[in-house]
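Here's the structure we're looking at; comments come further down.
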Amino acid sequence: MARHLITSALPYINGIKHLGNMVGSMLPADVYSRYLRQRGHDVLYICATDEHGTPAELAAKEQGLPVADFCAQAHDAQKAVYDGFALAFDYFGRSSSEQNVEITQHFARKLHENGFIEERAIRQVFSPADDRFLPDRYVEGTCPHCGYDKARGDQCENCTRVLDPTDLLDPRSAISGSTDLEVRETKHLFLLQSKLQREVMEWVARHDGVWPHLASSIAHKWLTEGLHDRAITRDLDWGVPVPADTWPELAAEGKVFYVWFDAPIEYLGATKEWSDQDTENRDWKSWWYDVDTDVRYTQFMAKDNVPFHTVMFPATELGIREPWKKVDFVKAFNWLTYYGGKFSTSQKRGVFTDQALEILPADYWRYFLIANAPESDDSSFTWEHFTATVNKDLADTLGNFVNRVLSFSRKRFGDEVPAGAEAGAAEARLGEQIAELLAEYEQHMETLQFRKAAAALRALWSAGNSYLEEKAPWLEIKTDKDGAALTLRTAMNLIHLYSVVSEPFIPASSAAMRGAFALADDTATWVTPEQARSLDSVPAGTPFTVPPVLFAKLTEDDLQAYKERFGGEAA
């Protein structure tokens, strides 16, 4: 089986992420990873918190904590939420790790050796009150375009225009609030992306027709506009230090690498963190170095991260002239909106992942988000849509099927799977239908079409209900007890099949379904279409139990309570 390396965009350390962040990277990566593992592939799913940059320092300052302590606490808080969502990372690291420092500095040295990094003098805002140069986000002021008085030096959150600190009206230090600011000359390192333009264009072109249109179009747009040399250092206290053996003057000034230079390198850094925990059995370079034909690398991210992963980081990898693994497939997502408006961490708009878990178990959210993933277009979260999906798909179609089959069988036949008659024409038709739907489900999972995969999974669940309605064992038992037993035995085999193939979407509920049957040797990791056709994995005589209700129906009172707490429309 092939080896699959999977990464999802690193969640920024500053705050718990909202549902849009979850569905735009980590959750679909988890669903795909789980599926591949079940199919027998060797999978390594790596992620980490992105911990450098001005927002981390500013957030730490607001909380009165050293930035290292703030990041450590925030990392643990985020990891707890991801555990709650059952994200099965092989490793969830930190971009502030020693491993990332080591690899980032190595990449920088190699780029310098190959002529792709140079020092340049630039003019930058300096605050005498703080006795330091201020990176872009450390300068606040009034946006010259829309008049928003809390715009940052890199971008106005209100009108989204990209800014330079010197563009701001009435600028002030975000550290001290001082308005006594000067513009002074200082030196920074620049990555000469312009020299790598042709190589990056050729590399991206090789993926035309392979990557989804969203990822490919964004990459080509950036390349058409031209790659510009980019400053890759900042004046911050927290970050990967510029190595003194290569740039002693800048190191002495405390320069660190720009967060968007070291963050993608943390994919490698986190893999080394994982490897260093068990060096006898893990080799991180076997996943990253000189493995082009051995490892298939898939990245998951929202569309705002696409340029960094399809253009900027590949430029870095190409420039170091070493055979590090480059991405094979970029699965990019559009936005999940909240009633048509943006989720906003800073403005607390929308549903955040910790709040979601306070309301309902993870499987409710996992299924809804993937079934409505913003793949081809933006999609909107509304409480009305969420409630309707939970009730129709999870509670009625799947949950009700499981409960009524097991409850009715126990009531009429006891605590073992009944034997009954031999399978007949209805069961043969059902087997063919299930095999066809399962093949469709597999195809969509293989091609990372998550909404289509969810629809195929839902169709599998619906097939069981249709079969049950056709056979009507509650009527059948009055005239043909063996026929009713056959119907229930077949339906129980469907439940077991659902427990296996639904696991990537709803792992906790799948475990509950599978655990209902006391099978002596239940080691199957997947059910192939051919195996599904026979519907005989749970033989007669197998003891079973009725699990608790898998999915509770959401009421009108629930809907109103959610809307009152979170708002029923975009702000």
Side-chain angles (χ1 to χ4, degrees), residues 1-6 27-45 86-90 295-296 298 300 329 331 362-363 366-367 370-371 393 397-398 401-402 417 427 430-464 467 489-539 542 544 547 550:
M1 288 290 184
R3 292 200 299 154
H4 287 265
L5 175 63
I6 296 171
L27 180 56
D30 177 74
V31 170
Y32 185 56
S33 298
R34 286 176 175 273
Y35 170 77
L36 290 175
R37 291 190 193 104
Q38 286 187 260
R39 300 306 307 273
H41 295 284
D42 188 4
V43 176
L44 185 64
Y45 176 22
L87 301 184
F89 305 114
D90 288 285
V295 174
R296 177 170 172 80
T298 306
F300 291 79
F329 192 86
K331 178 62 177 179
D363 280 1
R366 288 176 62 101
Y367 176 78
I370 294 297
D393 295 357
T397 303
L398 178 60
F401 177 79
V402 172
V417 176
E427 288 69 39
L430 176 65
E432 291 299 323
Q433 182 185 14
I434 293 297
E436 182 178 328
L437 289 171
L438 185 55
E440 182 181 336
Y441 177 55
E442 290 179 351
Q443 178 187 357
H444 295 319
M445 290 294 280
E446 295 287 346
T447 56
L448 287 81
Q449 297 293 313
F450 291 103
R451 293 180 72 144
K452 291 181 179 179
L457 182 61
R458 182 169 56 246
L460 279 166
W461 299 342
S462 295
Y467 169 75
R489 187 180 78 239
T490 302
M492 290 187 191
N493 272 279
L494 279 176
I495 292 171
H496 186 267
L497 181 145
Y498 296 161
S499 76
V500 176
V501 302
S502 304
E503 191 268 345
F505 282 72
I506 48 172
S509 305
S510 293
M513 286 188 282
R514 193 161 185 168
F517 302 101
L519 289 169
D521 187 24
D522 190 10
T523 59
T525 59
W526 194 251
V527 182
T528 66
E530 184 60 37
Q531 292 169 332
R533 192 172 278 111
S534 60
L535 293 172
D536 61 359
S537 59
V538 182
T542 301
F544 72 90
L550 293 179

>> Atom CD of residue position Gln38 - does it have more than 12 heavy atoms of other residues, nucleotides or ligands inside 6.0 Å?
In response: yes
> Are Asp90 and Arg37 side-chain neighbours, meaning at least one heavy-atom pair lies under 4.5 Å?
Replying inline: yes
> Is Asp393 close to Leu398 at the side-chain level, that is, under 4.5 Å between some pair of heavy atoms?
Replying inline: no
> Which atoms form the tightest heavy-atom contact between Val402 and Pro547, and what is the distance?
Replying inline: CG1-CG, 4.5 Å
>> Let me confirm one number: the OG-CG distance from Ser502 to Leu550, rounded to the nearest 0.5 Å.
In response: 10.0 Å
>> When you compare the side chain of Leu519 with that of Pro539, does any pair of heavy atoms fall below 4.5 Å?
In response: yes
> If you measure from NZ on Lys331 to CD1 on Ile6, what distance do you get to the nearest 0.5 Å?
Replying inline: 13.0 Å
> Would you find a donor on one side and an acceptor on the other, under 3.5 Å apart, between the side chain of Ser510 and the backbone of Pro507?
Replying inline: no
> Closest heavy-atom contact between Ala459 and Leu437?
Replying inline: O-CD1, 3.6 Å
> CG/Leu44 to CG/Leu36 distance, rounded to the nearest 0.5 angstrom?
Replying inline: 12.0 Å
> What class does the angle between the rings of His4 and His41 fall in, given that below 30° is parallel, 30 to 60° is tilted and above 60° is perpendicular?
Replying inline: perpendicular
> Would you call Phe329 and Leu448 a side-chain contact if the rule is heavy atoms closer than 4.5 Å?
Replying inline: yes
> Distance from Met445 atom CE to Leu457 atom CG, nearest 0.5 Å?
Replying inline: 8.5 Å
>> Between His496 and Arg514, is there a side-chain heavy-atom distance shorter than 4.5 Å?
In response: yes
>> Under the side chain to side chain contact (heavy atoms under 4.5 Å, CB included) test against Ile434, which residue among Asn493, Val501, Leu494 passes?
In response: Leu494
>> Quick check: closest heavy atoms across Arg34 and Ala86, and the distance to 0.1 Å?
In response: NH2-O, 2.7 Å
> Can you name the closest pair of heavy atoms from Ala371 and Ala454 and give their distance?
Replying inline: CA-CB, 3.6 Å
> Are Arg39 and Glu442 close enough that some pair of their side-chain heavy atoms sits under 4.5 Å apart?
Replying inline: yes
>> Can you tell me how the ring of Tyr32 sits relative to the ring of Phe300, calling it parallel under 30°, perpendicular over 60° and tilted otherwise?
In response: tilted
> When you measure from the side chain of Tyr498 to the backbone N and O of Gly464, does any donor-acceptor pair fall under 3.5 Å?
Replying inline: yes
> Under 4.5 Å between any side-chain heavy atoms of Ser537 and Phe517, yes or no?
Replying inline: no
> Between Val527 and Ala532, what is the shortest heavy-atom contact and its length?
Replying inline: CG1-N, 3.7 Å
>> Please report the interatomic distance CG(Leu535) to CG(Leu497), rounded to the nearest 0.5 Å.
In response: 7.0 Å
> In Å, rounded to the nearest 0.5 Å, how long is the span from CZ of Arg296 to CG of Asp42?
Replying inline: 15.5 Å
> Are Tyr35 and Glu446 close enough that a side-chain donor and a side-chain acceptor fall under 3.5 Å?
Replying inline: yes
> Where is the tightest heavy-atom contact between Arg366 and Phe505, given as atom of each residue plus distance?
Replying inline: NE-O, 2.9 Å
